[in-house]
Asks: 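I have a structure I would like to understand better, so I am pasting it below and will then ask my questions one at a time.
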Amino acid sequence: RKLEMKTDDQASVTVTITPIDISSQSKEWKFNVLMDTHSVELDQDMTQIAVLVDDQGKEYKPLNWEGGEAGGHHREGVLVFNAIQPMPKSFEIKIKDIGSIPERSFKWDLK
């Protein structure tokens, strides 16, 4: 099933996350991440600053970041996580410290 894109636009950085492959059959959950700015260096280690959180509050670290190298003002890639089993009712991705924002949250309901 297709989940909608979520955007967080704060502190002159726009972060857009689109779930790619979220289902009970998937071994991995993948999210396309797009970051755009005109003022901040996008040099974060994405596997260190992003977590997937299930509806029980359990956190999952990314397995991998497939995409743009650190740096620059435009960066795109795919965050890969182990699939959450069993399927939660909802989940969110939290990303820390991009721009001056301590934490950005992107939440989806699966009901």
Side-chain angles (χ1 to χ4, degrees):
R1 88 170 250 202
K2 192 114 172 77
L3 294 170
E4 72 275 18
M5 175 173 94
K6 304 272 180 168
T7 299
D8 179 286
D9 186 359
Q10 301 181 74
S12 62
V13 182
T14 303
V15 181
T16 302
I17 300 185
T18 309
I20 300 172
D21 187 11
I22 310 300
S23 76
S24 52
Q25 283 75 51
S26 308
K27 286 190 168 55
E28 296 175 339
W29 285 8
K30 297 184 177 186
F31 299 86
N32 189 73
V33 180
L34 183 60
M35 293 172 280
D36 244 330
T37 178
H38 296 289
S39 54
V40 180
E41 250 335 89
L42 297 172
D43 56 4
Q44 298 80 4
D45 179 342
M46 295 304 291
T47 62
Q48 295 301 311
I49 65 169
V51 291
L52 175 63
V53 185
D54 68 16
D55 53 357
Q56 308 295 309
K58 183 166 190 272
E59 294 192 354
Y60 303 81
K61 288 209 160 290
L63 301 173
N64 205 354
W65 165 255
E66 301 166 354
E69 293 295 313
H73 288 182
H74 179 85
R75 202 168 164 205
E76 185 170 8
V78 175
L79 274 172
V80 182
F81 295 87
N82 273 323
I84 299 175
Q85 299 290 351
M87 285 290 276
K89 291 187 180 67
S90 64
F91 65 87
E92 64 185 311
I93 287 188
K94 293 181 180 177
I95 299 184
K96 296 185 178 78
D97 301 326
I98 292 182
S100 57
I101 306 300
E103 185 174 87
R104 297 168 194 253
S105 175
F106 305 81
K107 188 170 184 183
W108 289 268
D109 287 314
L110 294 174
K111 296 188 202 68

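Values reported hereafter were calculated over all heavy atoms of this structure, with side chains retained and with hydrogens, waters and symmetry mates removed. Numbering of residues begins at 1 and proceeds along the displayed sequence. All values derive from a computational prediction rather than experimental measurement.
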Asks: Is any side-chain heavy atom of His74 closer than 4.5 Å to a side-chain heavy atom of Leu34?
Replies: yes
Asks: Under 4.5 Å between any side-chain heavy atoms of Tyr60 and Trp29, yes or no?
Replies: no
Asks: Verify, without hydrogens or angle tests, whether Thr47 (side chain) and Pro62 (backbone) share a donor-acceptor contact under 3.5 angstrom.
Replies: no
Asks: How long is the straight-line distance from OG of Ser90 back to CD of Gln56, given to the nearest 0.5 Å?
Replies: 9.0 Å
Asks: Check this for me: Met5, atom CE, are more than 12 non-hydrogen atoms of other residues, nucleotides or ligands nearer than 6.0 Å?
Replies: no
Asks: Strictly distance-based, threshold 3.5 Å: is any side-chain N or O of Asp54 a donor or acceptor partner for the main-chain N or O of Pro88?
Replies: no
Asks: Does the Trp108 side chain pair with the main chain of Glu4, one donor and one acceptor, at a distance under 3.5 Å?
Replies: yes
Asks: Do Leu3 and Leu110 have side chains that approach each other closer than 4.5 Å (heavy atoms only, starting at C-beta)?
Replies: yes
Asks: What's the separation between atom CG in Asp8 and atom CZ in Phe106, rounded to the nearest 0.5 Å?
Replies: 4.5 Å
Asks: What are the two closest heavy atoms between Arg75 and Asp43, and how far apart are they?
Replies: NH1-C, 4.2 Å
Asks: For Arg104 and Val15, indicate whether the former's side chain and the latter's backbone hold a donor-acceptor pair under 3.5 Å.
Replies: no
Asks: Do the side chains of Val40 and Ile98 get nearer than 4.5 Å, heavy atoms only?
Replies: no
Asks: Once you round to the nearest 0.5 Å, how far does CD1 of Ile95 lie from CD1 of Ile93?
Replies: 6.5 Å
Asks: Just wondering, do Trp65 and Leu79 contact through their side chains at under 4.5 Å, heavy atoms?
Replies: yes
Asks: Step by step, work out the side chain to side chain contact (heavy atoms under 4.5 Å, CB included) result for Glu92 and Val51.
Replies: CA-CA 8 Å; Glu92 64 185 311; Val51 291; over 6 Å; no
Asks: With rounding to the nearest 0.5 Å, note down the distance linking CE in Met87 to OG in Ser26.
Replies: 7.5 Å
Asks: If Ile, Leu, Val, Met, Phe, Trp and Tyr residues are connected whenever their side-chain heavy atoms lie under 4.5 Å apart, and connections chain through other members, are Met46 and Val53 in the same group?
Replies: no
Asks: Check whether more than 12 heavy atoms from other residues, nucleotides or ligands sit under 6.0 Å from atom CD of Gln85, and answer yes or no.
Replies: yes
Asks: Hey, does Glu76 have a side-chain heavy atom less than 4.5 Å from the side chain of Asn32?
Replies: yes
Asks: Given salt bridge (Lys or Arg N to Asp or Glu O under 4.0 Å), test Glu59 with Lys61 step by step and report yes or no.
Replies: CA-CA 7 Å; Glu59 294 192 354; Lys61 288 209 160 290; over 6 Å; no
Asks: How long is the straight-line distance from NZ of Lys27 back to CG of Asp21, given to the nearest 0.5 Å?
Replies: 11.0 Å
Asks: Closest heavy-atom contact between Gln44 and Asp97?
Replies: NE2-O, 3.5 Å
Asks: Roughly how far, to the nearest 0.5 Å, is the OG1 atom of Thr37 from the CG atom of Asp9?
Replies: 9.5 Å
Asks: Within a strict 4.5 Å, meaning less than it, do heavy atoms of the Glu41 and His73 side chains meet?
Replies: yes
Asks: Would you say that Ile101 contacts Val13 through its side chain, given a criterion of any heavy-atom pair below 4.5 Å between the two side chains?
Replies: no
